[in-house]
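Sequence lines set the chain letters: A, B, ... in the order given, protein chains first and strands last, and positions in each chain run from 1.
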2 protein chains.
Amino acid sequence: MTPSAAFMDTGHDHDLCMESALDRASALCGERGVRLTPLRRRVLELVWVGHKPLGAYEILDTLKAERQGAAPPTVYRALDFLLQHGLVHRIESLNSFVGCPDPLKPHGGQFLICRSCGLTAELNDHRIDQAIRNSANKAGFTVGRPMIEIEGLCPHCRDAGEGSPG
Amino acid sequence: MTPSAAFMDTGHDHDLCMESALDRASALCGERGVRLTPLRRRVLELVWVGHKPLGAYEILDTLKAERQGAAPPTVYRALDFLLQHGLVHRIESLNSFVGCPDPLKPHGGQFLICRSCGLTAELNDHRIDQAIRNSANKAGFTVGRPMIEIEGLCPHCRDAGEGSPG
DNA sequence: GTTCATAATGTTATAATATAACATTATAGT
DNA sequence: ACTATAATGTTATATTATAACATTATGAAC
């Protein structure tokens, strides 16, 4: 799987996808000398259960069934760690979290978010980034983290005619 | 003031800026046959007090001093109306609201947000939009509203050396 | 392997943001 | 004035996130 493989059609082996994400996380933490504890690893796993952003309290619900006394700080602290190391992204428009397929270099995210099924794909298009930097620089603005969240319809939902259900 | 006049330096007449925003709002509502009630107008005014996004509860605090019994729904309903008509934007990364200088045609926002002073400018760069659409289309994704929130440093704070205070 | 400093997690409480549900009042059209 | 609808008032609560302090686990030094 390439990081930019958006909206995988047939043949997306998600078990493999998730396993490799966890392996990458483990390696990255090893290199950085930080600890991917069982709790952090489990939270990362839960985030990677799908390519659909998960809310902190959804994660918490699952954790509660597994550890006695799991509480909001349990999950928020794990998420903070994962965010810091680029292992997950926060989707601001959904107050939710999604796994990052390419945690090595820090980047603001470029996300395609399906309004119908919730499936979310991360882009990393240098030309979008470039267009943003050009425009920002013209305004004298120094770009830190560009955050791009594009609401719309994924190919499957579009083909299924999921215009604006209701 | 042009809509894309980001980070106005000297000579930004904000009273005029705000007044003209309110006039545009009034005209727009008139054309659309919807009512810019005193409450809605007041909330819009408060949002336009500065070019810095305002939280709903900040607005509420001010309203409370002016109307007895102002409560969260008071401000959220006014904001919903203003959002629907493109008169304000929601800044997702700040859970805050900012006036839209160009409410006529609906658009996802492109925002430059200064991490130091909070000043926020709206872009409307067609090339950013185009780059996004190109990239999204390649993934088979139908773009709805692109949301772009760029955290960084405005010219003033950059020149004042506000790197990462602390 | 004990001691110590630090990191991680547990635990309780609460802050900040947002909406639901129903009552009342204002407005526009008749 | 009457009525339908829109807008606002009011109370309660849901959702998301953090503060503050206690406890436990881990790794480094000895």
If each of B:Val34 and A:Ala56 is mapped to the nucleotide of DNA chain D with the nearest heavy atom, which maps nearer the 5' terminus, i.e. the 5' end? B:Val34
Hey, which of these two, B:Asn95 or B:Phe81, hits DNA chain D nearer its 5' end, going by closest nucleotide? B:Phe81
Value in whole Å for how far the [atom2] atom of [N] lies from [atom1] of [X]:
X: B:Arg41; N: D:dA7; atom1: CZ; atom2: P; result: 17 Å
X: B:Leu54; N: C:dT17; atom1: CG; atom2: P; result: 11 Å
X: A:Leu36; N: C:dA7; atom1: CG; atom2: P; result: 17 Å
X: A:Leu44; N: C:dA8; atom1: CG; atom2: P; result: 16 Å
X: A:Tyr76; N: C:dA16; atom1: OH; atom2: C1'; result: 11 Å
X: A:Leu82; N: C:dA8; atom1: CG; atom2: P; result: 12 Å
X: B:Leu60; N: C:dA15; atom1: CG; atom2: P; result: 16 Å
X: A:Asp61; N: D:dT16; atom1: CG; atom2: C1'; result: 13 Å

For residues 104-114 of chain A, dump all side-chain donor-acceptor pairs below 3.5 Å to protein atoms at least two apart in sequence or in another chain.
unit_1: A:His107; atom_1: ND1; unit_2: A:Lys105; atom_2: O; d: 2.7
unit_1: A:His107; atom_1: NE2; unit_2: A:His89; atom_2: NE2; d: 3.0
unit_1: A:His107; atom_1: NE2; unit_2: A:Glu122; atom_2: OE2; d: 2.7
unit_1: A:Gln110; atom_1: OE1; unit_2: A:Asp125; atom_2: N; d: 2.8
unit_1: A:Gln110; atom_1: NE2; unit_2: A:Asp125; atom_2: O; d: 3.3

Set of ring-ring contact (aromatic ring centres under 6.0 Å, His included) partners for B:Phe141, sequence neighbours left out: A:Phe7
Tell me, please, which residues at least two apart from A:Tyr76 pass ring-ring contact (aromatic ring centres under 6.0 Å, His included). none
For residues 13-34 of chain B, which residue pairs qualify under ring pair (Phe, Tyr, Trp, His ring centres under 6.0 Å), counting only residues two or more places apart or in two chains?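 Listed once each, the pairs are B:His12-B:His14, B:His14-B:His51.
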Distance only, no hydrogens: is a donor on one side chain within 3.5 Å (strictly under) of an acceptor on the other, for A:Ser93 and A:Glu149? yes
Going 5' to 3' along nucleotides 8-15 of chain D, which nucleotides have protein heavy atoms under 4.0 Å from the base (write B), which only from the sugar-phosphate (write S), and which from neither (write -)? BBBB----
Can you check each nucleotide of nucleotides 23-30 of chain C against protein heavy atoms at under 4.0 Å and return B for base, S for sugar-phosphate only, - for none, in 5' to 3' order? ----S---
Return the set of residues passing side-chain contact (heavy atoms from CB on, under 4.5 Å) with B:Ala160 (not counting sequence neighbours), or none when no residue passes. B:Glu162
A:Arg133: partners by salt bridge (charged side-chain N to carboxylate O under 4.0 Å, His left out), with sequence neighbours left out: A:Asp129
The criterion is salt bridge (charged side-chain N to carboxylate O under 4.0 Å, His left out); which residues satisfy it with A:Glu66, sequence neighbours excluded?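 If we apply the salt bridge (charged side-chain N to carboxylate O under 4.0 Å, His left out) test to A:Glu66, skipping adjacent residues, the hits are A:Arg42.
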Nearest non-hydrogen partners of B:Pro53 and B:Gly118, listed with the distance: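 Distance-wise, the nearest heavy atoms are CD-O, 3.4 Å.
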